[in-house]
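Chain letters run A, B, ... following the sequence lines, proteins first and then strands; every chain starts at 1. Values below: all heavy atoms of this structure, side chains included; hydrogens, waters and symmetry mates excluded. All values reported here derive from a predicted model rather than from experimental measurement.
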Amino acid sequence: MVKKYWLVKSEPAEFSIEDLAQSKNKTTCWDGVRNYQARNFIRDEMKIGDEVLFYHSNTDPNAVVGYCKVVKETYTDHTQFDPDNKHYFPKANPENPPWVMVDIKLVKMFKNRVTLSAIKENYKLKDMKLVQRGNRLSVMPVTNKEFDEILKMGNIN
DNA sequence: GCCAACGTTGGC
DNA sequence: GCCAACGTTGGC
């Protein structure tokens, strides 16, 4: 099976990589995704062992701040049934819940955070979905090359 | 805070 | 099925 590579976005005010580092086993369920395209990636393509860039959005500076591994594959996102949860989805049918999630575990925080502007300046990364116009997906695929280039820029070693 | 670019909703 | 209105994302 071929390993895939991903990028997930999170607003650090909601859930930052520091929060992930302090989570039990440095692992969290990636709940709250409410976009069908992103859901399809999570449900159909994210597999255990896939590697995931962790991106901070809506902050200053926006940046890839580390990377993770998928440690649990698609299962029901319980928050869709919880009226008190921000991501409550009243139309969710318990028989066939639309929203799923995976668990990701922190592998490494970057020494050098890879900012959005640095990504835009790197011609090797010009095709990343992240920097393409109008892209709002919170979960998106990246290529093996893009993933390696970001790790290099992050100076993980 | 602004606003472009989307995605979703709901009337028809 | 169309499409206007509305809500959200997310960079700046």
Practice problem: With side chain to side chain donor-acceptor pair (under 3.5 Å) as the test, would you mind laying out the steps for A:Asp103 and A:Tyr75 before giving the verdict? | Solution: CA-CA 9 Å; A:Asp103 285 358; A:Tyr75 63 112; 2.5 Å; yes
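- At whole-Å resolution of the value, CG in A:Asn35 and P in C:dG10 are 9 Å apart.
- Atom P of nucleotide C:dT9 and atom CG of A:Leu137 are separated by 12 Å, given to the nearest angstrom.
- For the pair A:Ile119 CD1 and C:dC12 P, the interatomic distance rounds to 11 Å; values are reported in whole Å.
- Between A:Tyr55 and C:dT9 there is no side-chain N or O to OP1 or OP2 distance below 4.0 Å.
- Here A:Lys120 reaches the OP1 or OP2 of C:dC12: one of its side-chain N or O atoms lies under 4.0 Å away.
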Self-check item: Stepwise side chain to side chain donor-acceptor pair (under 3.5 Å) test for A:Thr79 and A:Arg34
Solution: CA-CA 11 Å; A:Thr79 64; A:Arg34 296 292 181 269; 3.0 Å; yes
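- Straight-line distance from the CZ atom of A:Arg136 to the P atom of B:dA5: 11 Å, rounded to whole Å.
- When distances run from any side-chain atom of A:Tyr36 to the nucleotides C:dG11, B:dT8, C:dT8, the shortest one goes to B:dT8.
- Candidate nucleotides B:dC6, B:dG7, C:dG11 were compared by shortest atom distance to the side chain of A:Arg133, and B:dC6 ranks first.
- Remark: A:Lys91 is in phosphate contact with B:dT9, judged by side-chain N or O atoms under 4.0 Å from OP1 or OP2.
- Between A:Lys9 and C:dG10, a side-chain N or O to OP1/OP2 separation shorter than 4.0 Å is present.
- Between A:Lys86 atom NZ and C:dT9 atom C1' the separation is 11 Å, expressed in whole Å.
- In this structure, the CG atom of A:Leu7 is 15 Å from the C1' atom of C:dT9, given to the nearest Å.
- In this entry the distance linking CH2 of A:Trp99 with C1' of B:dT8 reads 10 Å, nearest Å.
- Checking the phosphate oxygens (OP1, OP2) of C:dG11, a side-chain nitrogen or oxygen of A:Asn62 falls inside 4.0 Å.
- A cation-pi arrangement is not found for A:Lys108 relative to A:Phe110, the charged atom failing to lie both closer than 6.0 Å to the ring centre and inside a 45° cone about the ring normal.
- Atom-to-atom, NZ of A:Lys129 to C1' of B:dC6 comes out at 16 Å; the value is rounded to the nearest Å.
- Comparing atom distances between the A:Ser57 side chain and each of B:dT9, B:dA5, C:dG11 picks out C:dG11 as nearest.
- The side chain of A:Gln37 sits closest to B:dG7 out of B:dA5, B:dG7, C:dG11.
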